[in-house]
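Note sheet for the following structure.
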Amino acid sequence: VLTPHKREGVLSTGRNTSPSPERMAGNGVGAGDPGHAAVETYCFRSDAFVEPSFTVETFVKECRLRVPMADLKVGLDRYHDTLQNSMFTLINKDYGEFLSLSSNLAGLDKSIKEITSPLDDLHTDVRKLKDAMDTELAELEQRIERRTQIRDRKALCQRYLNISASIEKIEKLLSGAENEKGDGSAEEALSRGSGELIERVASEFNQLQFYATKCDRSPFLDALGPRISTITSMLQKGLELSFRRGLESGNREVLRQCLRTYSIIDKISVAEALFRDIIMVPYATEHIKKKSVSEQGLEVVYTNILAFVEEQCSVLTKLAEQLNISSCDFVVNSVWPVVADTLSKLTFIFASGIADDFHSNYSTTVAFLDKFELLCGSRRSVERLRGHAAYIAFNRRWSLPVYFQLRFQEIAGAAEGLFSEPLAECSIHSKPWRLTVGNAVIALIERCWTADVYLPGLTHRFWKLTLQILSRYASFVVQYCYSAVSPADQALALLLMHDTLVLRDRVPTFLRFVGAAANEPSLAEALEGAAVKLGESVVDAREIYCGRLVQACSEVLQRCGNIPRQYRHTGRKAPTEPTDFVSKVFDSVVEFRSTASGGIVEDLQGEWEIPVVTAVTAKYKDLISQLLVSSKEMEEKLQRVKKLRKGNKVTGMTDDDKIRLQLWLDVKAYRETVNGLTQPSQEIQDLLAALQALVDECKPAVDVATAAATSA
């Protein structure tokens with residue numbers, strides 16, 4: 001407990017308020033003594049004590065994570081002393097005011113008592129006034145509620161009176177019509193009466209329905225229920241008889257009056273149902289059946305349906321438009337459900353087992369639907385038809401995926417048969433094709449889009465099949481060229497590559513098959529990819545063919561390895577002519593040139609001969625380099641052996657000189673052969689120059705041989 005005491009007019013504490021700050025290990029900032037030179041730090045935040053969510057348990061738990069409990073206690077003691085010092089400092093600052101506070105408040109309690117009594121009286125008066133206002137307000141609300149109930153009951157009574165009056169008026173009209181005709185029932189009299197009568201009855205009946213819907217269930221309505229039901233039945237039967245007579249006789253005025261009356265009582269759906277039952281159901285039962293389709297054909301049956309519908313519905317459709325009855329649609333709501341239901345029972349027209357029959361039935365049906373939509377008369381009616389449940393169900397009956405699978409097996413099977421048969425050349429009249437397979441592939445692709453195969457609903461599938469045929473053809477080209485070994489097969493491979501390039505150039509024209517969708521970028525990209533793949537197949541096949549030509553030329557070049565054996569330790573004379581194989585190195589290329597003549601191969605020299613000559617020259621350069629190195633090593637070994645034997649020095653040309661001379665002559669002849677075969681590219685010229693540089697070391701042997709030949 002702090003014991004403040006007065007020291008020279010200043011309050012202070014009795015404990016030491018300056019504990020060592022080194023004992024504290026916190027990071028918070030607390031309130032410090034204003035007289036201190038530095039702000040003290042604590043292990044907690046000083047504003048944590050004034051937070052609304054402050055609890056001792058949470059505060060201690062958070063501080064224990066940072067410092068021990070002993071340090072926390074020291075920090076709290078310091079903070080407590082700091083707060084006390086701050087309080088005493090504040091008091092010492094205004095000490096005089098604190099001492100005079102009690103004298104300044106003298107007599108305040110008396111003044112408070114003097115104003116308390118008027119305030120209490122005012123509070124009592126306000127409460128009484130509020131209670132009176134609440135009482136008056138509650139009474140006013142009760143009166144308003146009672147007036148509302150009275151008004152609702154008055155309106156209900158008025159509706160009851162209107163209902164009773166409408167019933168009596170309708171019954172009087174019906175009774176008058178029955179008495180006027182004198183024969184038959186009231187319904188018959190109503191149907192044979194004037195149009196004004198039936199319209200008046202319908203108008204009153206419409207008002208009766210309106211008043212009845214505004215009234216809740218009550219004994220009064222229950223009592224009038226039989227009379228209302230009788231009136232409803234009589235009106236509907238009378239309208240039905242009148243509408244039936246109008247349909248049978250074709251009387252436009254009667255039909256107009258009936259449609260107007262049905263529109264007044266909001267029963268257009270009843271008129272549509274009557275037309276369906278009276279006109280369409282008998283016609284469909286009689287004319288839309290299996291026997292009619294078998295004898296006349298599906299197209300004739302569809303034509304008869306269109307003619308009948310146009311004849312029967314045209315009058316009603318025009319009358320509905322004149323009367324501005326937007327909800328009336330006999331074509332969609334009366335005709336189509338019957339037609340669709342009857343056709344759906346003829347399951348044989350939907351059978352997809354025979355592709356040609358399915359295509360014929362589907363195409364005929366699509367044309368029928370297009371013409372049927374023209375009978376609708378408006379865009380809204382067409383949209384209503386396409387959204388009709390019967391229309392959707394009818395279209396789902398057609399198994400288009402099954403039909404495409406049959407066509408896929410037919411066309412894809414024919415394509416595989418083409419690729420498995422031996423290649424055959426075309427006749428002279430089949431230009432630019434050289435083989436029958438290319439022309440046959442074009443025919444298969446065009447068959448996918450012929451009128452007797454293609455269906456608009458399968459555009460994406462036939463487009464995919466077209467791309468698959470092109471891809472399969474590209475794979476076939478590479479496979480055939482790889483397996484072509486004999487000269488005859490290789491000649492056919494060249495013709496196949498020629499036809500592949502022709503097919504590649506025709507691929508962009510396939511966009512015409514998709515009609516209006518030809519402007520779709522994805523379709524053009526797909527065709528471009530197919531054309532690129534065909535071109536790549538030709539490149540791959542050409543690489544295979546060129547590889548075989550290089551191999552054939554390289555086999556001839558291998559004879560170059562026999563030159564050392566011909567001159568070493570054989571005593572043969574120095575060579576004066578190139579080896580005979582040099583002139584035969586490119587015999588396979590010359591033979592290929594004769595095979596590829598006649599425009600079969602495009603850019604014969606640039607794409608075929610130059611790559612082959614380049615590869616062969618590179619191989620020949622490697623062979624010459626190896627022979628020169630081995631000849632040099634052998635010559636050095638022989639010289640070391642001769643030195644050891646201290647034999648006589650050999651004069652004239654050595655065996656290795658003869659070998660190098662022969663290589664020099666062969667390279668010279670090879671260069672002449674290459675220059676005579678084709679126009680060398682820069683790469684070939686560089687290889688020939690490098691080859692010449694290798695045999696330039698043979699120049700001394702050449703000079704010796706030349707001198708020997710001159711002396712001889």
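Please read these numbers as outputs of a predicted model, since none were measured by experiment. Below, each value reflects all heavy atoms present in this structure, side chains not excepted, and no hydrogens, waters or symmetry copies.
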Donor-acceptor pairs are to be reported for all side-chain atoms of residues 474-485 against protein atoms at under 3.5 Å, with residues two or more places apart or in another chain.
from, atom 1, to, atom 2, distance (Å)
S475, OG, S471, O, 3.2
S483, OG, Q479, O, 3.1
S483, OG, Y480, O, 3.1

Side-chain donor-acceptor contacts of residues 453-467 below 3.5 Å, not counting sequence neighbours, with atom names and distances?
from, atom 1, to, atom 2, distance (Å)
Y454, OH, T459, OG1, 2.5
T459, OG1, P456, O, 2.8
T466, OG1, W449, NE1, 3.1
T466, OG1, F462, O, 2.9

Side-chain donor-acceptor pairs of residues 339-355 under 3.5 Å, sequence neighbours excluded:
from, atom 1, to, atom 2, distance (Å)
T342, OG1, V338, O, 2.7
S344, OG, A340, O, 2.7

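Of the candidates R384, R380, H388, D329 forms a side-chain hydrogen bond (donor to acceptor under 3.5 Å, both in side chains) with just one, namely R384. A side-chain contact (heavy atoms from CB on, under 4.5 Å) with E272 is found for exactly one of S334, S327, P337, namely S334.
The salt bridge (Lys or Arg N to Asp or Glu O under 4.0 Å) analysis of residues 506-518, with sequence neighbours excluded, yields the pairs E446-R512. Residue pairs meeting the salt bridge (Lys or Arg N to Asp or Glu O under 4.0 Å) criterion with at least one partner in residues 661-676, sequence neighbours excluded, are absent. Within the structure, salt bridge (Lys or Arg N to Asp or Glu O under 4.0 Å) contacts touching residues 390-404 (residues at least two apart or in different chains) do not occur. Within the structure, ring pair (Phe, Tyr, Trp, His ring centres under 6.0 Å) contacts touching residues 515-540 (residues at least two apart or in different chains) do not occur.
For S554, the side chain to side chain donor-acceptor pair (under 3.5 Å) test picks out no residue, with sequence neighbours left out. Partners of D580 under the side chain to side chain donor-acceptor pair (under 3.5 Å) rule, at least two apart in sequence or in another chain, do not exist in this structure. Scanning for salt bridge (charged side-chain N to carboxylate O under 4.0 Å, His left out) contacts around R386 gives E373, with sequence neighbours left out. Taking the side chain to side chain donor-acceptor pair (under 3.5 Å) definition, one finds that Y283 meets it with nothing, sequence neighbours left out. Legend: residues meeting side chain to side chain donor-acceptor pair (under 3.5 Å) with Q312, ordered by chain and number and at least two apart, are absent.
Between Y620 and F581, the angle of the ring planes goes over 60°, which puts this pair in the perpendicular group of the 30/60° scheme.
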